[in-house]
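Below: the structure, in structure tokens.
We count ligands from 1, going down the list as the structure has it; atoms in each ligand are counted the same way. The structure displayed is predicted, hence computed values, not measured ones.
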Amino acid sequence: MAIKITDECINCGACEPECPNNAIYDAGVSWKFSDGTALEGLIDFGDGVTLDSNATQDAISDEVYYIVPDKCTECKGFHDEPQCAAVCPVDCCVDDEEVRETEDELLAKKAWLHAE
Ligand code: SF4
Ligand code: SF4
């Protein structure tokens with residue numbers, strides 16, 4: 001699974017610099033696949049869908065900090081535990097039950113994001 005931020009977030013910003021994948025963004029701030037990753041050029045999702053890694057994507061939340069599920073690896077390959085959850089003062093970085101991935105899938109995502 002990925003980690004998500006609930007609406008209990010107090011917008012302190014402590015989690016954002018801790019993410020090894022640059023998956024955390026401030027409320028209302030747009031995001032890109034290329035932010036903090038090795039992704040560049042066109043991304044081919046393999047189902048006929050391609051996307052410019054440098055294209056600006058709409059913010060997922062306008063109220064609180066948010067996590068981009070496609071960039072979150074639960075910190076696999078970098079740390080033993082999710083760093084956002086470790087630093088969050090109000091424990092609002094929690095498992096996202098709607099995004100389930102195996103450890104192998106998370107490690108593959110990490111390798112994909114960082115072009116290993
Ligand atoms: Fe980033 Fe790790 Fe939190 Fe996912 S679990 S958003 S990779 S710090
Ligand atoms: Fe919100 Fe927690 Fe991140 Fe602070 S550390 S911005 S409270 S999710």
Side-chain angles (χ1 to χ4, degrees):
M1 72 216 105
I3 302 296
K4 68 177 180 182
I5 293 173
T6 73
D7 59 11
E8 292 171 8
C9 171
I10 58 172
N11 290 317
C12 73
C15 55
E16 185 180 357
E18 302 301 325
C19 180
N21 299 320
N22 206 148
I24 303 173
Y25 292 83
D26 197 353
V29 173
S30 58
W31 67 275
K32 297 177 183 176
F33 273 104
S34 60
D35 290 335
T37 73
L39 295 174
E40 57 184 16
L42 276 185
I43 299 170
D44 185 349
F45 290 95
D47 51 4
V49 176
T50 57
L51 185 69
D52 182 352
S53 60
N54 206 36
T56 299
Q57 311 292 333
D58 290 341
I60 294 174
S61 172
D62 291 325
E63 307 292 332
V64 293
Y65 274 72
Y66 68 88
I67 292 170
V68 177
D70 282 342
K71 297 180 75 178
C72 176
T73 62
E74 296 175 39
C75 288
K76 296 292 184 192
F78 291 103
H79 304 288
D80 291 337
E81 61 178 349
Q83 295 300 286
C84 49
V87 301
C88 181
V90 294
D91 294 332
C92 69
C93 299
V94 300
D95 295 343
D96 186 343
E97 304 84 2
E98 295 182 6
V99 184
R100 295 290 182 189
E101 295 151 297
T102 66
E103 178 156 352
D104 283 349
E105 287 171 334
L106 290 165
L107 288 171
K109 188 197 292 188
K110 184 256 185 184
W112 174 68
L113 288 169
H114 299 283
E116 292 176 351

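Under 4.0 Å from ligand 2, heavy atoms of Ile10 appear from its side chain as well as its backbone.
Between the Tyr25 side chain and the Asn22 main chain, a donor and an acceptor come within less than 3.5 Å of each other. For Lys71 (side chain) and Asp35 (main-chain N/O), a donor-acceptor pair under 3.5 Å exists by modelled atom type. A distance-only check finds a donor-acceptor pair linking the side chain of Gln83 to the backbone of Glu81 [under 3.5 Å].
For Lys32, the salt bridge (Lys or Arg N to Asp or Glu O under 4.0 Å) test picks out no residue, with sequence neighbours left out. For the side-chain contact (heavy atoms from CB on, under 4.5 Å) test, residues two or more places apart in sequence or in another chain that qualify with Ser30 are Thr56.
When each of Lys76, His114, Lys109 is paired with Asn21, the side chain to side chain contact (heavy atoms under 4.5 Å, CB included) condition holds for His114 and for no other. Only one option out of Cys84, Cys12, Cys9 pairs with Tyr65 in a side chain to side chain contact (heavy atoms under 4.5 Å, CB included); it is Cys9.
In summary, the atoms of ligand 1 found under 4.0 Å from a heavy atom of Thr73, numbered by their order in the structure, are 7 (S). Atom numbering of ligand 2 starts at 1 in the shown order; those under 4.0 Å from a heavy atom of Cys92 are 2 (Fe), 8 (S). Of all atoms in ligand 2, listed by their number and element, those nearer than 4.0 Å to a heavy atom of Val90 are 7 (S). Of all atoms in ligand 2, listed by their number and element, those nearer than 4.0 Å to a heavy atom of Pro89 are 5 (S). Atoms of ligand 2 lying under 4.0 Å from any heavy atom of Gly13, numbered from 1 in the order shown and given with element: 4 (Fe), 6 (S).
The nearest heavy-atom contact from the protein to atom 2 (Fe) of ligand 2 is Cys88 SG, 2.4 Å. Ranking the protein heavy atoms by distance from atom 4 (Fe) of ligand 2 puts Cys12 SG, 2.3 Å first. In terms of protein heavy-atom proximity, atom 1 (Fe) of ligand 2 is nearest to Cys9 SG, 2.3 Å.
Residues in residues 37-54 take part in these side-chain hydrogen bond (donor to acceptor under 3.5 Å, both in side chains) pairs, two or more places apart or across chains: Ser34-Asn54.
The aromatic rings of Phe33 and Trp112 lie perpendicular to each other, with more than 60° between the two planes, well past the 30° mark.
Ordered by chain and number, Cys84 SG make up the set of protein N, O or S atoms under 2.8 Å of atom 3 (Fe) of ligand 1.
The existence of a salt bridge linking Glu98 and Lys4 is excluded, since no basic side-chain nitrogen approaches an acidic carboxylate oxygen closer than 4.0 Å.
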